[in-house]
Amino acid sequence: MSRQVALVTGSSRGIGLAAAIALAKQGFAIAVNGPEADAELQAALDRVRDLGVPAVAAAFDVSAIDAHEAQLSAIEDQLGPLTTLVNNAGVGVLQRGDLLEVSEESYDRCMEINTKAMFFLSQAFAKRLLARDRDANAFHSIVNVTSSNASAVAAPRAEYCASKAAAAMVSKTFAVRLGPENIAVYDVQPGLIATEMTAPVIDSYEQRAKDGLTLFPRVGQPEDMGNIIASLASGKLPYTTGQVISADAGMLVPRF
């Protein structure tokens, strides 16, 4: 079987970097992505290459839809045919607060990056796979990273919740379309995870986890998410697609 090749968006830090590292440990070649060719992206690339797999930097803004085709072609020219897309890149709100005061700028930013970019990058990736003969022994998949807020309301971040709910439906629609083509699609929905995005509120998250908001009394780490993503992308859950993986330590389990 030829080597699996993955593009992991938003992989210069956080969950994306953890996913890139976990996939590299499974032997995947990796395209590490960030919006700019900066020191952070280079450091992430170095960490992945240190694991002994082919890796390249793919510096592009996922919201630049017109650039998707050229970027995917550049990755394949360097690493070979893509088998895996991890849509992890995402943004939070510009300002937490009353949803009655949400700005159009913040709403559009969440939708553009968290939903629209994911949809069209998945589309470009899928068309590429369907246009060629694929190694029947390779596992082909799209793994989307959305959020527990796809279903659980966080009123001070209403526009983020809306974008993630839409992204979750994108995952389902692609699963339905690509299932007959033997391409699996998954939706990983992280809960309370310690990342730069959550850094301003992580202390309160940790306390709420200890107080019982999550069934495991701790916040999650990027490595937890990375291992989940790598398990899915390497076919460790065979005969599954369209699944929502609630990576939230049981936070959304109904309780009395």
Side-chain angles (χ1 to χ4, degrees), residues 4 6-26 28 30 32-33 62 83-92 110 113-115 117-119 121-122 125-126 139-152 154 157 160-176 178-179 183-198 205 209 214-216 218-253:
Q4 303 266 121
L7 165 60
V8 185
T9 68
S11 50
S12 59
R13 66 172 78 164
I15 290 173
L17 177 55
I21 289 170
L23 287 165
K25 289 178 178 178
Q26 298 276 354
F28 282 65
I30 306 292
V32 182
N33 165 258
V62 294
T83 60
T84 309
L85 172 63
V86 179
N87 282 306
N88 166 75
V91 295
C110 283
I113 296 173
N114 296 348
T115 310
M118 189 186 90
F119 183 101
L121 189 55
S122 297
F125 171 80
F139 189 75
H140 296 82
S141 69
I142 299 173
V143 183
N144 296 322
V145 180
T146 64
S147 171
S148 294
N149 289 130
S151 59
R157 297 182 289 119
Y160 176 83
C161 295
S163 71
K164 291 299 188 178
M169 182 53 72
V170 170
S171 298
K172 290 183 174 66
T173 58
F174 271 87
V176 170
L178 298 179
I183 301 169
V185 181
Y186 300 104
D187 178 7
V188 177
Q189 299 189 351
L192 309 181
I193 312 299
T195 66
E196 287 197 18
M197 186 184 294
T198 62
Y205 280 3
T214 54
L215 301 186
F216 296 151
R218 67 173 181 89
V219 299
Q221 298 300 315
E223 292 74 19
D224 296 322
M225 302 303 105
N227 288 333
I228 290 170
I229 292 165
S231 294
L232 295 169
S234 55
K236 295 294 196 301
L237 273 71
Y239 203 57
T240 64
T241 191
Q243 303 300 116
V244 173
I245 310 300
S246 296
D248 63 0
M251 180 171 64
L252 300 188
V253 173

> Are any side-chain N or O atoms of Asn114 and backbone N or O atoms of Val91, one a donor and one an acceptor, separated by less than 3.5 Å?
Replying inline: yes

>> Under the rule for side chain to side chain contact (heavy atoms under 4.5 Å, CB included), what residues qualify as partners of Ala247, not counting sequence neighbours?
In response: Val188, Met225, Ile228

> Looking at Ala22 and Asn227, what are the two nearest heavy atoms and their distance?
Replying inline: CB-OD1, 3.9 Å

> Excluding sequence neighbours, so at least two apart, what forms ring-ring contact (aromatic ring centres under 6.0 Å, His included) with Phe174?
Replying inline: Phe119

>> Test your reading of the model: is there a side-chain donor-acceptor pair from Asp248 to the backbone of Pro190, 3.5 Å cut-off?
In response: no

> When you measure from the side chain of Thr146 to the backbone N and O of Asp187, does any donor-acceptor pair fall under 3.5 Å?
Replying inline: no

>> As an exercise, state the distance from OG of Ser234 to CG of Leu23, rounded to the nearest 0.5 Å.
In response: 7.5 Å

>> If I compare all heavy atoms of Leu252 with all of Ala152, which pair ends up nearest, and what's the gap?
In response: CD2-CB, 3.8 Å

> Once you round to the nearest 0.5 Å, how far does CG of Leu237 lie from CD of Gln243?
Replying inline: 8.0 Å

> Roughly how far, to the nearest 0.5 Å, is CG of Asn144 from CD1 of Ile245?
Replying inline: 12.0 Å

>> Under the side-chain contact (heavy atoms from CB on, under 4.5 Å) test against Ile229, which residue among Asp224, Ile15, Thr84 passes?
In response: Ile15

>> With heavy-atom distances below 4.5 Å as the criterion, would you say the side chains of Ser171 and Met118 are in contact?
In response: yes

>> Please determine whether side-chain contact (heavy atoms from CB on, under 4.5 Å) holds for the pair Lys172 and Val244, giving the CA-CA distance in whole Å, both sets of side-chain angles, and the decisive distance to 0.1 Å.
In response: CA-CA 9 Å; Lys172 290 183 174 66; Val244 173; 4.0 Å; yes

> Looking only at heavy atoms, which two atoms of Val170 and Thr173 are closest? And how far apart?
Replying inline: O-OG1, 2.8 Å

> Which is it for Ser122 and Ile142 under the side-chain contact (heavy atoms from CB on, under 4.5 Å) test, yes or no, and what are the steps along the way?
Replying inline: CA-CA 7 Å; Ser122 297; Ile142 299 173; 4.0 Å; yes

>> If I compare all heavy atoms of Ala150 with all of Ala165, which pair ends up nearest, and what's the gap?
In response: O-CB, 3.4 Å

> Listed by chain and number, what are the side chain to side chain contact (heavy atoms under 4.5 Å, CB included) partners of Ala184, not counting sequence neighbours?
Replying inline: Phe139, Ser141, Tyr186, Thr241

> Looking only at heavy atoms, what is the nearest atom pair of Val219 and Ala194, with distance?
Replying inline: CG2-CB, 4.4 Å

